[in-house]
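Have a look at the structure below, then the notes.
Note that the coordinates shown come from a computational prediction; the quantities given were computed from them, not determined experimentally. By convention in this document, chain letters (A, B, ...) are assigned in the order of the sequence lines, proteins followed by strands, and residues within each chain are numbered from 1.
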Amino acid sequence: MTVPQLSKTYDPKAVEPRWSRFWIEKRYFHPSIDHPGEPYCIVIPPPNVTGSLHVGHALNHSLQDILIRWRRMQGRNTLWLPGTDHAGIATQNVVEKRLLAEGLSREALGRDRFIERVWQWKAESGNTIINQQRQLGESCDWDRLRFTMDEGLSRAVIEVFVRLYEDGLIYRGERLINWCPRCLTALSDIEVEHEEVKGTLYHIKYPLADDPATTLVVATTRPETMLGDTAVAVHPDDPRYRHLIGKKIRLPLTEREIPIVGDSILVDLEFGTGAVKITPAHDFNDYEAGERHGLPRLALFDHRALLDHALMMKAGVDSDVASALATLPVQKARTTIVQLLTDHGLLVKRDDHRMAVGKCYRCKTVVEPYLSPQWFVKIQPLADPAIKVVEEGRIRIIPEGWVNNYLGWMRNIKDWCISRQIWWGHQIPAWYCRSCNDRYLIAQEATTTILQGARPIVAKQAPSQCPTCGDSRFMRDPDVLDTWFSSALWPFSTLGWPDQTPELKRYYPTSTLVTGLDILFFWVARMIMMGLKFMGDVPFRDVYIHALVRDAEGQKMSKSKGNVIDPLHVMDKYGADALRFTLASMASPGRDVKLAEERIEGYRNFANKIWNAARFALMYLNGPRTATPLSERPFPDRWIVSRLNRTIQTVSSELEAYRFDRAASVLYQFIWHEYCDWYVELIKPALQDASHPNGPTTRQTLADTLETTMRLLHPFMPFITEEIWQTIPHEGDSIAVQSYPTADVTKIAPGVEQEFALLEQTIGLVRTGRVLLNHPPGQPVSFFVAHVDQDLHHRLRGLHHHLAHMSRGSVAVIPSNEWPAGKLLRLVAEGLSVGLVVSNDVDLGKALDRLTDQIAEADKEVSRLDAKLANPDFSSKAPPEVITEHRERLRTLTRDRALLVSSHEQLQAMLGS
RNA sequence: GGGCGGAUAGCUCAGUUGGAAGAGCGCUGCCCUUACAAGGCAGAGGUCACAGGUUCGAUCCCUGUUCCGCCUACCA
C-alpha cells in the first residue's frame with residue numbers, strides 16, 4: 001500500500017472543483033421519489049436569475065446546505081430544490097440600460113422583441129449564479145432547477161390568478177398606489193422603503209370664500225400639490241375653527257372654491273396650524289379622507305411625476321400659473337409654487353420638519369402616490385388562515401422573536417397591488433372586448449390606457465369571442481404581475497403544481513424554509529397564504545430566519561460604500577469550506593453577522609489544521625490495525641472516543657435547534673483542541689515506535705475517529721472532508737452519501753474524561769513551571785507529582801508514561817512528603833502538586849511573583865467564601881448541595897494556599913542560601 | 001409615535017431551571033520539538049452600560065434611565 005503524499009498546506013483550489021464535478025456527475029443530490037427515508041425538502045429562496053452570488057446568498061445557502069447534507073446523511077429522502085426568479089423590475093432595468101448603451105430603447109424595440117432580448121440576457125448570464133452556487137458546494141438537485149418564468153411555473157401563475165379572480169379575491173380598480181416615476185410602474189406597499197429626511201413645513205393662507213380678508217392657515221410639506229386640493233379639514237372639536245365647517249375656501253392660484261370639512265381622523269389638534277389641506281389624488285391619508293367626505297380627486301402629475309398642463313387646467317388652475325408650472329418635476333414645482341405664494345403674500349412661514357419619504361426599493365427614486373387603475377389581491381381572506389397556522393404552531397418561526405413581527409404585519413395587512421407596468425414578467429390573463437369597452441380603451445400615442453370601468457374577461461387562454469356581443473377583437477391587459485406573485489407559489493409550483501405530480505405528493509409540505517428577515521413579508525407571508533389557499537396545507541413546517549450580513553463595522557454592505565465582501569473572491573483566496581464555516585459559526589440567532597476577512601482567514605487555518613492532522617494520520621496508518629474492544633484500548637483511545645461521542649451528541653442537538661454557531665464551535669473545539677492538541681500528541685509514542693504493543697489498536701482508533709470526525713464535519717466543510725475521507729480507510733464512494741455519525745452513549749466515559757482532566761492539569765502546571773524557570777521547551781525537566789486525594793494520586797501513577805511524554809521530562813509520582821526537601825518549585829492547584837527540580841543558576845523572580853499572586857488570589861477567594869458561609873441567611877436558605885460545595889471549595893483552597901505558602905518560603909530560603 | 005433586539009476582554013460574540021466570568025481573533029513572552037510557523041507552549045486582559053428593586057446570593061428575574069441597531073407608522 002502506498003501512502004498518498006499530501007502537501008504541507010491545504011490548497012482548496014486544487015481540491016474543490018474536482019469534488020464539485022464528481023458529486024454532480026454521480027447525481028448524489030438527485031433523490032429518487034421512492035427513496036424509503038422520510039422526506040426532507042427545502043426549496044431555495046430563488047435568487048435573481050441574472051444576478052451573481054453575494055455574501056447574503058452565501059450565508060443563506062451555506063446554512064441550507066448544512067441542513068440538507070446533514071439530513072441526507074441521516075438517511076432522509078432529501079430534496080433541495082434550486083431555482084431562480086425573473087426579478088421583473090430589476091432585470092428589465094438592467095436590459096434597458098444595455099439597450100441604452102446601444103442607442104436603443106424598449107419602446108423603439110417593441111414589447112415582443114424586448115422580451116426576446118431579456119431572454120437572451122438570461123441565457124447569457126443565467127448560469128453565472130448557478131455555477132457560483134456549485135462552487136460553494138451546494139448540494140442542490142440540479143436536475144430539478146426551476147425558473148419562475150418556466151412554462152410550468154407560468155401555468156401555475158395563470159391558474160392561481162384565474163382562480164383567485166373567480167373567487168373574488170382579485171379585482172381591478174382605480175386606487176391611489178405607490179408609483180415609481182423612474183421605473184414607470186406601480187409598486188406594492190412593501191416595495192417602498194421609507195427614509196427620514198429633513199423637510200420643510202410650509203404655512204399657507206387660504207382665504208375664506210365669503211370673507212377673503214379672513215384666512216385659514218394650513219400647514220403642508222408638499223405645497224406643490226395644493227392645486228389639487230379639494231377641501232380643507234379642521235378638527236370638529238377645535239374651538240378655533242369649528243364654526244368654519246361647511247363654509248368655503250378660495251383655493252389660491254386656482255379658480256376653485258373648496259369646502260371646509262370636519263375630520264377628527266385626519267386632523268391632529270396639536271400639530272401644525274390645526275388645519276389640513278386635502279389632496280385626495282396625491283396623498284394616501286387624503287385619499288381616505290376624500291372617501292369619507294365624498295370629495296373629487298384631482299390629479300396634477302403625469303406618470304413621470306411632472307406637472308401636467310391639461311390636468312392643471314382641468315383642476316381650474318389659473319392659466320398663467322399652469323403655464324409656468326407645466327412639465328416641472330416635483331422639486332422644481334415646489335420651489336415655483338412657494339415663490340408664487342410668497343409673491344401673493346400667502347406664505348406665512350416655513351418651519352424645519354423631519355419627515356419620511358418613500359423610495360423605490362429597486363432604484364431609490366422617490367415614489368409618488370399616483371391615481372391609476374391597478375389589479376389587487378383582496379388579502380384579508382387569505383391572511384386570516386395564515387395568521388392562524390402560526391398562532392397554532394403549525395408553522396414554527398425560528399427564532400420565535402419574529403412571530404410577533406409576522407403576526408403584527410399580517411393583522412394590519414392591506415390589499416396587495418400586483419400589477420406592474422413593465423413588460424418582463426407574467427402578463428395578466430385578462431382581455432377586454434374592444435367593442436364592449438370602447439369607451440374605456442383610450443389610445444394615446446403608442447399606448448392604450450384601460451380606464452376604470454372596463455370589463456375584463458379573465459381566463460387561462462385568450463377568448464375567441466366576446467360572450468356579450470360576439471365580437472372577436474380583444475385587447476390583452478398589458479400589465480405583468482409582481483414577481484413576488486409567482487414567488488409566492490414557489491413551494492408547490494416548483495414541484496409540478498397544478499399537476500398532481502409524485503414530487504408534489506412526496507415533498508409538500510416542505511420541511512424548512514431558510515431566509516433573511518428582509519423578505520419575511522415579501523415572500524414568506526405570501527407563500528403561507530398561497531400554500532394554504534391552493535394546497536390546503538402549510539408550505540413548510542419551520543421557517544428559520546437568519547441575520548443580515550454586514551461589514552466589520554456593522555454597516556450594511558453596498559457597492560457604493562465599497563465595503564462589500566465578495567464571496568467569490570473569498571472562496572478563491574481561502575476556500576469555500578472556510579467561507580462556509582465562518583458563516584455558520586457567526587449565525588447566532590437575532591444578531592446581524594459582522595463579517596471581517598480575518599475571521600475567514602482564521603477558519604482557513606482551521607482547514608489547514610485538519611489537513612495536517614490527516615497528514616499525520618496517513619503517515620502512521622501504514623501498519624497493522626486491530627479492532628480491540630474499546631474497554632481494552634489504551635487510555636488516549638478511550639478518552640478520544642468518549643469525547644467524540646459527546647461531540648456527536650452536541651452537534652446533532654445543536655443542528656436540531658438550528659444553532660449553527662454552537663455546532664460549529666463545538667466541532668472547532670473538538671478537532672483542534674482535543675483531537676489535534678491532545679489525542680495526536682498522546683499517541684505519538686505508540687505510533688512512532690514500530691514495535692510498540694499499542695500500535696495496532698491505536699492505529700485502528702486513529703483511523704476510526706478521523707473517519708467519523710470527517711463525516712461529522714462534512715455538512716459544514718464538504719470539500720476538505722471528502723478529500724481526506726477518500727484517502728483514509730473508508731467504505732463507500734463518497735462521504736456525501738455516508739451515514740451521519742450517531743452518538744453511542746455507552747462510549748461516553750466520565751471517569752476517563754476526569755482522568756484526562758487530571759492529566760491536562762498536571763501537564764499545565766509543569767509547562768507553567770517550565771516558563772517560570774526559563775526552561776527551554778527542548779530541555780528535559782525533572783519533576784514530582786502528588787495529589788492529596790488517594791484515588792487521584794493513584795490514577796496519576798497510572799498516567800506516568802503520558803505525563804513524562806507530554807511534559808518532555810522525567811517524573812516521579814510520589815506523595816509530597818517524600819519529595820526532596822529543597823530545590824523544588826512547587827505549584828499547586830486543587831489538591832494537585834507539581835514540584836519541578838530547580839537548578840542553582842536559575843532566576844526565581846518570576847516564580848516567586850507567580851506564587852505571591854496566587855496566594856493573594858487565594859486569600860481573596862477564601863475571605864469571600866468565609867463571609868458567605870458565615871452568613872446565617874445563607875446557611876439557612878441556600879440549598880444544601882450549594883453549601884456543601886462552598887465548604888468543599890473552601891477546604892481545597894485553604895489547603896492549596898498552605899502549600900503555596902510553603903513553596904514560597906522554600907524558594908526564598910533557596911535565595912537566601 | 002409604536003414594536004423588537006442589543007450593550008459581557010482591545011475587536012466579534014457565546015453564556016436557561018440565579019450559586020466560583022467563557023471562546024475565537026488580536027496582544028505579550030518563549031520556541032523553526034520530523035502533522036501543521038496558516039504552527040506549538042505559557043500568559044496578560046472584564047465593578048457583565050447606568051440607577052434602583054426582588055433574593056441568603058443577580059451577567060441572568062423586575063422597574064426605570066442612557067446609548068446603538070432594526071422593523072413599523074398617516075402627525076399634514
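- For A:R659 and B:G15, the shortest distance from a side-chain N or O to OP1 or OP2 is below 4.0 Å.
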Determine, stepwise, if the pair A:Y679 / A:L702 fulfils side chain to side chain contact (heavy atoms under 4.5 Å, CB included).
-> CA-CA 9 Å; A:Y679 179 62; A:L702 176 64; 4.0 Å; yes
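- A:P777 comes within contact range of at least one nucleobase, with a heavy-atom separation under 4.0 Å.
- A:R850 comes within contact range of the sugar-phosphate backbone alone, with a heavy-atom separation under 4.0 Å but no base atom that close.
- No hydrogens or angles were tested; on distance alone, nothing pairs the side chain of A:R767 with the base of B:A42 as donor and acceptor under 3.5 Å.
- Rounding to whole angstrom units, CD1 of residue A:I519 and P of B:C71 are separated by 14 Å.
- At the phosphate of B:G24, neither OP1 nor OP2 sits under 4.0 Å from any side-chain N or O atom of A:S585.
- As rounded to whole Å, 17 Å separates atom C1' of B:A14 from atom CZ of A:F660.
- Heavy atoms of A:Y620 sit under 4.0 angstrom from primed sugar atoms or phosphate atoms, though from no base atom.
- Taking only side-chain atoms of A:Q669, from C-beta outward, the nucleotide of B:C70, B:C13, B:A23 with the closest atom is B:A23.
- Residue side chain A:K8 does not reach the base of B:C36 through any donor-acceptor N/O pair under 3.5 Å, judged by distance alone.
- Considering only side-chain atoms of A:N871, the nucleotide from B:A73, B:C56, B:U72 that sits closest is B:C56.
- For A:L517, whose side chain is taken as the heavy atoms from C-beta onward, the closest listed nucleotide among B:G39, B:G19, B:C70 is B:C70.
- When the side-chain nitrogen and oxygen atoms of A:N285 are compared with OP1 and OP2 of B:C75, none of them lie within a distance under 4.0 Å.
- Heavy-atom nearest nucleotides on RNA chain B were determined for A:W402 and for A:A275, and the one closer to the 5' end corresponds to A:W402.
- Within 6.0 Å of NZ in A:K846 there are more than 12 heavy atoms belonging to other residues, nucleotides or ligands.
- Within the 4.0 angstrom heavy-atom criterion, only backbone atoms of the sugar-phosphate kind lie near A:T768; the bases stay farther away.
- Open room surrounds CG on A:D352; 12 or fewer heavy atoms of other groups in view lie less than 6.0 Å from it.
- A:F874 has its ring centre less than 6.0 Å from the ring centre of A:H886.
- A:H353 comes within 4.0 angstrom of sugar-phosphate atoms only, judged by non-hydrogen atoms across all strands, and of no base.
- Atom-to-atom, OH of A:Y668 to P of B:A23 comes out at 12 Å; the value is rounded to the nearest Å.
- Note on ring orientation: taking the six-membered ring where Trp is involved, the planes of A:F581 and A:Y603 are tilted (angle from 30° to 60°).
- Contact annotation for A:F284: no contact, since no heavy-atom pair falls under 4.0 Å across all strands.
- Rounding to whole angstrom units, CD of residue A:E598 and C1' of B:C27 are separated by 14 Å.
- If you take CZ of A:R350 and P of B:A76, they are 18 Å apart, rounded to a whole angstrom.
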How does RNA chain B look in dot-bracket notation if pairs are Watson-Crick or G-U with both distances under 3.5 Å, crossing ones as [ ], other-strand ones as |?
-> (((((((..((((.....[..)))).(((((.......))))).....(((((..]....))))))))))))....
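- Note on A:G274: a base of the nucleic acid sits closer than 4.0 angstrom, heavy atoms only.
- When heavy atoms are screened at a 4.0 angstrom cut-off, A:K846 is found touching no nucleic acid atom at all.
- Close to B:G40, at under 4.0 Å from its OP1 or OP2, lies no side-chain N or O of A:W678.
- The aromatic rings of A:Y675 and A:F670 sit tilted, their planes meeting at an angle between 30° and 60°.
- Taking 4.0 angstrom as the limit, A:K594 places a side-chain polar atom (N or O) nearer than this to OP1 or OP2 of B:C13.
- Heavy atoms of A:V218 sit nowhere under 4.0 angstrom from any nucleic acid atom.
- A:D677 comes within contact range of the sugar-phosphate backbone alone, with a heavy-atom separation under 4.0 Å but no base atom that close.
- Taking side-chain N and O atoms only, A:S588 has a distance below 4.0 Å to OP1 or OP2 of B:A14.
- Put simply, CG on A:D229 is 11 Å from C1' on B:A76, counting in whole angstrom units.
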Criterion side chain to side chain contact (heavy atoms under 4.5 Å, CB included) on A:T762 and A:V834, from CA distance to verdict = CA-CA 7 Å; A:T762 311; A:V834 167; 3.9 Å; yes
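- Within the 4.0 angstrom heavy-atom criterion, only backbone atoms of the sugar-phosphate kind lie near A:R662; the bases stay farther away.
- A close approach under 4.0 Å does not occur between any side-chain nitrogen or oxygen of A:H203 and OP1 or OP2 of B:A76.
- Between the side chains of A:D229 and A:T279, at least one donor N or O sits under 3.5 Å from an acceptor N or O.
- Base engagement by A:P879 is indicated by at least one non-hydrogen atom pair under 4.0 Å involving a base atom.
- Across B:A76, B:A20, B:C56, the shortest atom-to-atom separation from the side chain of A:R889 is found for B:A20.
- Aromatic pair A:F716/A:F606: ring centres not closer than 6.0 Å.
- Contact annotation for A:L266: base contact, defined as any heavy-atom pair under 4.0 Å involving a base atom.
- Relative ring orientation between A:F521 and A:W409 is described as parallel, the plane-to-plane angle staying below 30° on a 0-90° scale split at 30° and 60°.
- Put simply, NZ on A:K860 is 12 Å from C1' on B:G46, counting in whole angstrom units.
- Within 4.0 Å of A:E830, counting heavy atoms only, lies no atom of the nucleic acid at all.
- The NE2 atom of A:H194 sits 10 Å away from the C1' atom of B:C74 (whole-angstrom rounding).
- Residues A:T220 and A:G401 both approach RNA chain B. Their nearest nucleotides, taken by heavy-atom distance, put A:G401 toward the 5′ side.
- Checked against B:A76, B:C56, B:G24, the side chain of A:A219 finds its nearest nucleotide in B:A76.
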